[in-house]
Asker: 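Structure incoming, see below.
When a residue number appears, it is its place in the shown sequence, counting from 1.
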Amino acid sequence: MRSVRAITILVFLSTLVFSVIAAGLTEQTTTLTTDTFDVFHNLESKEFVQRGEIRVLQNETALYQSISAKDTPALLDAGKQVLSADHYYSVLLRSQNSGAQHVLAIKRCRLNGEKKVEETFVLHETEGGSVFRVDYDAGKGSNCLKGSLADVPKFVAKTLVKRRVQGPTPQLAVAASIDASTGKEKQPEPQKGFLAKYWYYLVPLALLLLLGGEEPQPEGNARR
């Protein structure tokens, strides 16, 4: 009886400990997330369909997650269509915080004939950590040499975050002064001394002291 009670208490304590740890990890992940972007893509040149989301973290990283436990939804729009210059595959990212949207498009033929297409999302951040631009690349340009579309069974997403950094302030040099007669750089004039700069103040002051500094002669005694 005691052993059963001990096992029950041990199982309860283990469950409680795991619950606390899981809650702490969930709270930490939520705290680190600065923004989440819903990811949509354009299938068969029709309306956009959601295919996943990108969570941007404070440590300048981002995580892509599909909307389901399976692989990213396949792109099945090939049929018997012939490639054309205006046939594009579009991806739309929408911020859950601000609602800002980023529409990214590449030629659909770049995805042609790939068993799994590697795609890259590059999110550019300001110094404050807000995303102001997103770049997107997928597939290969050589795939456009094929004559017809082929379905894309799988996408493999990669996310990068690049934060804008303020560069060093350049020290601008003073423009050189060129002598028009010789075509050479003028040499800087030597610095004048104190007397050379202010002699026209000192000379009048010195004369004033010399000429005006004599005491008047006392008058003689009056005749009686």
Asker: Between Thr120 and Lys158, is there a donor-acceptor pair closer than 3.5 Å when you use the side chain of the first and the backbone of the second?
Answerer: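 Pair absent, no side-chain N/O of Thr120 close to backbone of Lys158.
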Asker: Should Leu104 and Val122 be regarded as members of a common hydrophobic cluster, given that ILVMFWY residues are connected when their side-chain heavy atoms come within less than 4.5 Å of each other, either directly or indirectly?
Answerer: no
Asker: How about Ile106 and Leu111: do any of their side-chain heavy atoms sit closer than 4.5 Å?
Answerer: yes
Asker: At their closest point, which heavy atom of Asn143 faces which heavy atom of Cys109, and how far apart are they?
Answerer: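 That would be CB-O, 3.2 Å.
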Asker: Measuring from atom CG of Leu202 to atom CG of Leu207, what distance do you get when rounded to the nearest 0.5 angstrom?
Answerer: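 Output value for this atom pair is 11.0 Å.
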Asker: To the nearest 0.5 Å, how far apart are CG in Asp135 and CZ in Phe121?
Answerer: 11.5 Å
Asker: Check whether any side-chain heavy atom of Arg108 sits under 4.5 Å from a side-chain heavy atom of Tyr88, and report yes or no.
Answerer: no
Asker: Is Glu118 atom CD crowded by more than 12 heavy atoms from other residues, nucleotides or ligands, each under 6.0 Å away?
Answerer: no
Asker: To the nearest 0.5 angstrom, please state how far the CZ atom of Arg164 sits from the CD atom of Glu125.
Answerer: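 So the gap between those two atoms works out to 11.0 Å.
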Asker: Assess Arg94 against Phe48: is NZ or CZ under 6.0 Å from the centre of the six-membered ring, and within 45 degrees of the ring's axis?
Answerer: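 No.
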Asker: Could you check if a side-chain atom of Leu93 sits within less than 4.5 angstrom of a side-chain atom of Tyr136, using non-hydrogen atoms only?
Answerer: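 Contact flag for Leu93/Tyr136 side chains = no.
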Asker: With a 6.0 Å cut-off on the ring centroids, do Tyr89 and Phe155 count as close?
Answerer: yes
Asker: To the nearest 0.5 Å, what is the distance between OH (Tyr64) and CZ (Arg55)?
Answerer: 13.0 Å
Asker: Show the nearest heavy-atom pair for residues Val39 and Glu53, with the distance to one decimal.
Answerer: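 Closest heavy-atom pair between Val39 and Glu53: CG2-CA, 3.9 Å.
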Asker: Can you find a side-chain donor-acceptor pair between Ser95 and Asn97 that sits under 3.5 Å?
Answerer: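 Note: Ser95 and Asn97 side chains miss the donor-acceptor criterion.
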Asker: Any non-hydrogen side-chain atom of Val131 less than 4.5 Å from a side-chain atom of Asp35?
Answerer: no
Asker: Is there a side-chain contact between Gln65 and Leu63, using heavy atoms and a 4.5 Å cut-off?
Answerer: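 No - every pair of side-chain heavy atoms lies 4.5 Å or more apart.
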Asker: Nearest 0.5 Å, please: how far is CG in Leu123 from CG in Leu160?
Answerer: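 Leu160 atom CG to Leu123 atom CG measures 8.5 Å (nearest 0.5 Å).
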Asker: Do Gln58 and Leu32 have side chains that approach each other closer than 4.5 Å (heavy atoms only, starting at C-beta)?
Answerer: yes
Asker: Counting distance only, does the side-chain N/O of Arg110 pair as donor-acceptor with the main-chain N or O of Ala138 below 3.5 Å?
Answerer: yes
Asker: Atom NE2 in His41, atom CG in Leu92: separation rounded to 0.5 Å?
Answerer: 11.5 Å
